[in-house]
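Working notes for the structure below.
Side chains included, hydrogens not; waters and symmetry mates left out as well; all remaining heavy atoms used. If you're wondering where the values come from, they're calculated on a predicted model, not measured in any experiment. Every chain is numbered from 1 and lettered A, B, ... according to where its sequence line falls, protein lines coming before strand lines.
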Protein chains: 2
Amino acid sequence: MAKPDKRDEIVRAALELIAENGFHGAPMAMIADKAGVGAGTIYRYFENKDVLINELYRELEQRLLTVLMDGYSPDKSVRERFIHLGTAVLRYCISNPLDFRYLEQFHNSPYGVVHRRDKISGEADDKDIYRKLFEEGLSRQVIKDLPLVMLFSLAFGPLISVARDHILGFVSLDDDLIVKIIAACWDGLKR
Amino acid sequence: MAKPDKRDEIVRAALELIAENGFHGAPMAMIADKAGVGAGTIYRYFENKDVLINELYRELEQRLLTVLMDGYSPDKSVRERFIHLGTAVLRYCISNPLDFRYLEQFHNSPYGVVHRRDKISGEADDKDIYRKLFEEGLSRQVIKDLPLVMLFSLAFGPLISVARDHILGFVSLDDDLIVKIIAACWDGLKR
DNA sequence: ATTAATGGAATGAACGTTCATTCTTTTTAT
DNA sequence: ATAAAAAGAATGAACGTTCATTCCATTAAT
């Protein structure tokens, strides 16, 4: 691992270009250019564009997960834990707009659908804290009796939508609004 | 204007291919093929692909608006009107998955961002019933005091997310679940 | 200490493919 | 017979990927 230099530059360039212009607005030649690297060099680090896209996704997912877990305590109430997660997600998206835009591009593409299908059909990961949280909320009867995926939509649908609006400049989220929107999501969720 | 035949076939083919495969999975040649039409013929009806994409969007938007207005009474309570709109949107998306998928593709693309920016900066349309509804809810103090775009995210973010999950097969929405999810959205919205 | 040899990393021109659009020919309608 | 409409082959631009070559750091030989 003594050569993160070029690989890192390639990943950074890909993130920026894809986040801003989408997968099809980020040709390999442009990524190479922005990374300060020859076009062929990318293929020394990534087998092809698909692999690059997927590896970048995994890196961002990991970064986000780390942020979410920071200060997360499984002992707190369901409500408190939800507010922690919601706040962390929203703050992360707002202060890392490139990451957020990339994740959105990914999720709204065939890559994302495949990824999601795999995830849902697979066993509950240790890292799948949402699922755990909602399952506990259900068994404690503090949140509405709905299928897990719907609870997820109810809780995070508005947050993602609001984060997008903030990044696109349609609204300006401050601390007060963040607290309010997350409280509103909880109102939708709680029994 | 006595030749809606071919134009219609082209639009239908474009809708289906773009909804299922995205803009980049729907080459003009393929659209022509599916429409049973020569590739060049498309250009007799649409100046270029962009125009085709935008005109199709406008048609779908119009269709949806018609559905929403059906049975909509401005005299009912804010809550009742919201439930009417939410139910109508959700039902429309579920029973017209191609339309829904197309609208999503559009919104999650540069086309959609431009469109949205125009809409928000423009004057309130007569047809902009959401805005009217939320403004009235605000002045009557029955819904939370948040910026309009955030109310929109809060109300429709979950519905769109849930419609997508239904269409992708991650959940199966029946009448009971539809009622419940819309009630939950209202819980998030109401003061 | 200097030079020669080696091998992996990097390069970017070139290739084959795909696509939107245009052009030419053929068909249809009047 | 003429003109409008339709068809699909042709065109050129853009893209992902490959590969022959160059560069550079390290090692071996003198």
_Per A:Val37 side chain, nearest of listed nucleotides D:dA7, C:dT11, D:dA5_ = C:dT11
*Could you state the CG-C1' distance from A:Asp33 to C:dT11, rounded to the nearest angstrom?*
13 Å
_Length of the CE-C1' vector between A:Met30 and D:dA13, whole Å_ = 14 Å
_Please report the distance, rounded to the nearest Å, between CZ in B:Arg7 and P in D:dA5._
15 Å
*B:Ile10 and its side chain to side chain contact (heavy atoms under 4.5 Å, CB included) partner, picked from B:Ile42, B:Asp5, B:Leu15*: B:Ile42
*State which of D:dA6, C:dA10, D:dG8 makes the closest approach to the side chain of B:Ala39.*
D:dG8
*Along DNA chain D (nearest heavy atom to each residue), the more 5'-positioned of A:His24 and A:Glu47*: A:His24
*Fit a plane to each ring of A:Phe156 and A:Phe152, take the angle between them on a 0 to 90° scale, and name the class: parallel (under 30°), tilted (30 to 60°) or perpendicular (over 60°).*
tilted
*Specify the separation, in whole Å, of atom NZ of A:Lys6 and atom P of C:dG8.*
18 Å
_Residue B:Met28, side-chain atoms from C-beta onward, closest of D:dA7, C:dT11, C:dA20_ = C:dA20
*Starting at atom CG of B:Asp5, determine the distance to atom C1' of D:dA6, rounded to an integer number of angstrom.*
13 Å
*What integer distance in Å separates A:Ile42:CD1 from C:dG12:P?*
12 Å
*Is the distance from OP1 or OP2 of D:dA7 to the nearest side-chain N or O of B:Tyr43 less than 4.0 Å?*
no
*Rounded to whole angstrom units, what separation is found between the OH atom of B:Tyr45 and the P atom of D:dA4?*
15 Å
*asked:* Does the plane of the ring in A:Tyr111 sit parallel, tilted or perpendicular to the ring in A:Phe106? Use 30° and 60° as the thresholds.
replied: parallel
*asked:* Let's see if you can work this out: which of C:dT11, C:dA9, C:dA20 has an atom nearest to the side-chain heavy atoms of A:Arg44?
replied: C:dA9
